[in-house]
Structures are given as structure tokens and as C-alpha cells.
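Below is one structure; the comments refer to it alone.
Basis for what follows: all heavy atoms, side chains included, without hydrogens, waters or symmetry-related copies. Keep in mind that this is a model prediction, so the values were computed, not measured.
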Amino acid sequence: MSINNTQQSAAKIMQWADKLASFSAMPDGLLRAYLTPEHKLAHQQLAEWMEQAGLTTWEDSVGNQWGRKVSPNPTMPTLLIGSHSDTVANAGKYDGNLGVLLALEAMYQLQGETLPFHVDIVAFADEEGTRFNTTLIGSSAVAGCFQSDWLAIEDAQGISMAQAMRDFGLDPELAGKDQKNTEDTLAYLEVHIEQGPVLEDQDLPVGVVTGIAGAKRYQFKLKGMAGHAGTVPLALRKDAMSGAAQMISHIEQFAFENQIVATVGRCDVFPSAVNVIAGEVHFTVDIRSQSQSTLERCCEQLLKDLAHISEQRQLQLSHEKLYQAEAVLCDDTLQKQWGEIVQQHTQKTPCFLASGAGHDAMVMTNITNIAMLFVRCEKGISHNPREQVIESDVVVALDCLTDMIKKLAG
């Protein structure tokens, strides 16, 4: 493919991203959640573009949108390429969506070529968990990990996932029943914006992902005794806010010392009055590590440390684990192949880097080998309207994805 053709394709991808961003529940921002009218409109648009690329299209049991390039050999396995089309609230245009559009344009570029395997591109309908607070619904269904108890989870309006599926035109009884299997799957490829600053710091357009960090999320409830801010001496207080502050400071220091990342992203204080000692504090902790064994060890130790702080302060601490995902590694052979392609297109030593964020690829390891390519994003900003990519980097990413498909075809 000529340089001019690739540049035209990258410009088209940027225009597509703008179009997808118009399917939003926010009038002045981007929000596209699972099983919403915006989800349906975006996937109808994707289906139209897929058909224009010569792909056979369908919607699966949980609302993922698919397009297939059929191989003349029907007995060959299928290469899966995809990412997610849903967004967080007040999102950027490229998180997830760029990977879907790159896969789509790669199929345009290969429209006239015969491949020895089928290629399925997929727009996963829910990775972010924005509506039901259960992440990776779309890819979990494909990988045989859909949990039937998810159907009872309700959104903020009290609508269950099962009811939302029926309203969308899906049958919740069939959710996840059309999963892929290992024997029929060749590999899974995903291109995604980095959502971090490493590639920009190294002045590289793309990088090869080595693995995806494992994560655990906890909800803590710390109880003390509310009291008058002016009449209770400091030495006699059971101040839940002061205890939480000590715990949050310890969490940060613990993460530094153990070379992990840990984040307290939410903190709710009760009764939350300027002249009342806090009687109760609820806070979350998100802990991640590239090593599953390190993650397990650190979570166990941190829970002990926080319990010790609560005992010292005569407070009551309880916790609930909200979420966990195991660390996964990208396939060594696929990493090597993508590294060779990246070096060819950039004339630079490829950057191999781990992902601290979760991706659909981490679920797809249940059925096949995975490989991911990161695309530089400005200042590492993501989950933000300021999320931005450079069109020339999209050119490189498209070339690398298309050549990876050709390399796998032998």
C-alpha cells in the first residue's frame, strides 16, 4: 500500500472516530454506555461500514458487533481482531474505538486479498462497565466467561441487565451461549491507545504490549464516633476521617515501596458537616501489578496494615472485594512478530511495555493467544475529552496491523 493511500486511510479513520463520537448520551460530551440507544446507533453505523468493506455482519447474544472476512477454506480457524465501542462518561474519542476502526480499515485494505484463515473483527459492546459496573461484559461472553448472575444487576435507574437486553432486542436467556472456542480461534489482536506517557516520552508512534496488569478493587468502611468539633478533646476522639487519612497515606507509601500502583479513587465522609467529627468514612482502593504473585502478596499485607491502623485508633474497619482480574501475558511469538514489524515501519528499536489498564484482551486469553499494539496518545491523557492521537501515528498503527495479518497468513 502506498504512503498516500495509507495517509488517506488514516484520515478516514479520524473521520470515522468523529462520527462515532456523535452517538452520545451527553449533549456536550461523549458517553456511550451498554444497551443504550447510542450503543445501537453506533453499532448500526459500524455494521454499515463493515458491509462496505465486504464483510458479513451480525450482532451476537450480548450486543457485540461483528464483521467477517471469509476464507475460501472453511475448515481454517479464525483470527479475531477488535476492541470496545463503549465509553466512560465525558470520554475521549479513541479509547477502544480506535482499535475497532483500525481493524475495520485493515479489512478495507485487504478486501481484494485471499487469506488462509477467516478474520472476524469485533466491536465489544461493554468493556468499561459504565452502566452496570461490571466490566468486560462483551469479551467475557465471547470467551465463555459470561456470568448469568450479571443479568440481575441493576443500573442507576433500577433497570436490570436482563431487562435492558430485552429492551435492546436481545434474549437474556441466550447471553454468552454463542461463545468462541479455542479449536476454531487462531489468535486475538488488539490495537489500543496507550493511555499513558511512555511512548510519547520515547518519541515513538507505537509500542508492543508485553502483558496486562492484574487488578483488585476493594470497598472499605471505617467506623468511629461522630461528635462535636468543639467539645470533644483530640485524645478522646474516634475520628474516622483522621483514620482514613492515615490509611490513604500508608497506601501510597506502601505502593512506592513495593513497586505497584494503588489508588484511592473515592472517599465518602459521614455525616460530612464542617463542625462534626467524622463518624464514618467509605473509601475505595484499586491495586494493580504486572505480577500476579506480587499482587496477591501486597493485597494480603495491605489488608493487615490497614486493620492494624484501625485497631490503634480504636476504629472498626470492614472491607468488600468489588473486582479482581488476573495479570496476563501476551504471547511471546506474537510479540516478537509485531516487534519486527514495528521496527520495519519506524526504523527504531521497538518499545516493549506493559499495560497498567485492563483490556478485552485479558479475557480473550481464556480461549486463545493474545497480542496488543499500543498507539501513542498525547501526554498519556485518556478517559478525558482531551484524549488525542496523531494522524501520522495512526498511519503507522494501520501499517503494523495490516502487516501483522499478512505475516500470520505466511
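- Applying the salt bridge (charged side-chain N to carboxylate O under 4.0 Å, His left out) test to pairs two or more places apart or on separate chains, those with a residue in residues 162-183 are Asp120-Lys180.
- No donor-acceptor contact under 3.5 angstrom links the side chains of Glu128 and Thr130, judged on distance only.
- Here Leu174 contributes atom CG and Ser61 contributes atom OG; the two are 7.0 Å apart, rounded to the nearest 0.5 Å.
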(request) Might you work through the side chain to side chain donor-acceptor pair (under 3.5 Å) test for Ser382 and Glu387, ending with a clear yes or no? (result) CA-CA 5 Å; Ser382 183; Glu387 182 179 277; 2.8 Å; yes
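- Here the CG-CD distance, from Leu55 to Gln111, works out to 7.5 Å after rounding to the nearest 0.5 Å.
- At a threshold of 4.5 Å between non-hydrogen side-chain atoms, the residues Val285 and Phe220 count as touching.
- Rounded to the nearest 0.5 Å, atoms CD1 (Ile251) and CG (Asp286) are 11.0 Å apart.
- With sequence neighbours excluded, the residues satisfying side-chain contact (heavy atoms from CB on, under 4.5 Å) with Ser310 are Leu222, Met247, Leu315, Leu317.
- Other residues, nucleotides and ligands place no more than 12 heavy atoms under 6.0 Å from the CE atom of Met225.
- The 12-atom threshold is not exceeded at CD of Glu252, counting heavy atoms of other residues, nucleotides or ligands nearer than 6.0 Å.
- Here the shortest heavy-atom pairing between Ala106 and Ile405 reads CB-CD1, 4.2 Å.
- Side-chain contact check for Leu334 versus Cys330: every heavy-atom pair is 4.5 Å or farther apart.
- Take Lys216 and apply the salt bridge (charged side-chain N to carboxylate O under 4.0 Å, His left out) test, not counting sequence neighbours, and it matches Glu296.
- No side-chain heavy atom of Asp126 sits less than 4.5 Å from a side-chain heavy atom of Leu136.
- For Ile159, the side-chain contact (heavy atoms from CB on, under 4.5 Å) criterion is met by Arg131, Asp155, Gln157, Gln163, Ala164, not counting sequence neighbours.
- The aromatic rings of Tyr34 and Phe132 sit perpendicular to each other, their planes meeting at more than 60°, with 30° as the lower class boundary.
- Taken from CD in Glu105 to CD in Gln8, the straight-line distance is 10.0 Å, to the nearest 0.5 Å.
- By the 4.5 Å heavy-atom criterion applied to side chains, Ser160 and Leu151 are not counted as neighbours.
- Among all heavy-atom pairs drawn from Leu30 and Gly92, the shortest one is CD2-O, 3.2 Å.
- Side-chain polar atoms of His118 and Asp184 form no donor-acceptor pair below 3.5 angstrom.
- For Ser289, the side-chain hydrogen bond (donor to acceptor under 3.5 Å, both in side chains) criterion is met by no residue, not counting sequence neighbours.
- Sorted by first then second residue, the salt bridge (charged side-chain N to carboxylate O under 4.0 Å, His left out) pairs that include residues 359-378, not counting sequence neighbours, are Asp203-Arg376, Arg376-Asp393.
- Partners of His319 by side-chain hydrogen bond (donor to acceptor under 3.5 Å, both in side chains), not counting sequence neighbours: none found.
- Using modelled atom types, one side-chain atom of Glu194 and one backbone atom of Val198 make a donor-acceptor pair closer than 3.5 Å.
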(request) Report the C-alpha separation of Thr365 and Leu329 in whole Å, then their side-chain angles, then the decisive distance to 0.1 Å, and conclude whether the side-chain contact (heavy atoms from CB on, under 4.5 Å) test is met. (result) CA-CA 9 Å; Thr365 56; Leu329 297 176; over 6 Å; no
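- Take Trp150 and apply the ring-ring contact (aromatic ring centres under 6.0 Å, His included) test, not counting sequence neighbours, and it matches Phe146.
- Across Asn97 and Ser85, no two heavy atoms sit closer than the pair OD1-O, 3.5 Å.
- Note on residues 323-338: pairs passing salt bridge (charged side-chain N to carboxylate O under 4.0 Å, His left out), not counting sequence neighbours, are Lys336-Glu340.
- Looking at heavy atoms from C-beta onward, Thr210 lies in side-chain contact with Gln335 at the 4.5 angstrom threshold.
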(request) Decide side-chain contact (heavy atoms from CB on, under 4.5 Å) for Ser355 and Phe374; before the verdict, give the C-alpha distance in whole Å, the side-chain angles of both, and the deciding distance to 0.1 Å. (result) CA-CA 9 Å; Ser355 173; Phe374 272 167; 3.5 Å; yes
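- Listed by first and then second residue, the side chain to side chain donor-acceptor pair (under 3.5 Å) pairs involving residues 224-239 are Asp239-Ser242 (not counting sequence neighbours).
- Under a 4.0 Å N-O distance rule, the pair Lys221/Glu280 does not qualify as a salt bridge.
- Only one option out of Val122, Val191, Ile121 pairs with Ile81 in a side-chain contact (heavy atoms from CB on, under 4.5 Å); it is Ile121.
- Checked against salt bridge (charged side-chain N to carboxylate O under 4.0 Å, His left out), Glu48 has no partners two or more places apart in sequence or in another chain.
- Nearest heavy-atom pair, Gln52 versus Tyr108, reported as atom, atom and distance to 0.1 Å: CB-OH, 3.0 Å.
- Counting heavy atoms from C-beta outward, Glu190 and Ile370 have side chains that stay 4.5 Å or more apart.
- Nearest heavy atom pair, residue Ala42 against residue Leu20, reads O-CD2, 4.0 Å.
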(request) Decide ring-ring contact (aromatic ring centres under 6.0 Å, His included) for Tyr94 and His192; before the verdict, give the C-alpha distance in whole Å, the side-chain angles of both, and the deciding distance to 0.1 Å. (result) CA-CA 8 Å; Tyr94 305 104; His192 202 283; over 10 Å; no
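- Counting only heavy atoms from C-beta outward, the side chains of Asn64 and Val62 approach each other to under 4.5 Å.
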(message) Does Leu189 form a side-chain contact (heavy atoms from CB on, under 4.5 Å) with Trp338? I'd like the steps, not just the answer.
(response) CA-CA 10 Å; Leu189 307 179; Trp338 232 335; 4.1 Å; yes
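- Under the 6.0 Å distance and 45° angle rule, Arg32 does not count as a cation-pi partner of Phe23.
- A distance of 5.0 Å separates OH of Tyr218 from CG of Leu303, quoted to the nearest 0.5 Å.
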(request) Before giving the answer on side-chain contact (heavy atoms from CB on, under 4.5 Å), spell out for Gln246 and Gln312 the whole-Å C-alpha distance, their side-chain angles and the decisive distance to 0.1 Å. (result) CA-CA 11 Å; Gln246 183 179 349; Gln312 283 184 318; 4.3 Å; yes
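- Ring planes of His39 and His43: perpendicular class, angle over 60° (limits at 30 and 60°).
- Of all heavy-atom pairs between His345 and Cys400, the closest is CD2-SG, 4.1 Å.
- Although no hydrogens or angles enter the test, the distance criterion places a donor-acceptor pair under 3.5 Å between the side chain of Lys40 and the main chain of Phe168.
- To the nearest 0.5 Å, atoms NE2 (His359) and OG1 (Thr135) are separated by 12.0 Å.
- The salt bridge (charged side-chain N to carboxylate O under 4.0 Å, His left out) pairs that include a residue from residues 78-94 are Asp18-Lys93, where partners are two or more places apart or lie in different chains.
- Between Ser9 and Gln109, some side-chain heavy-atom pair lies under the 4.5 Å cut-off.
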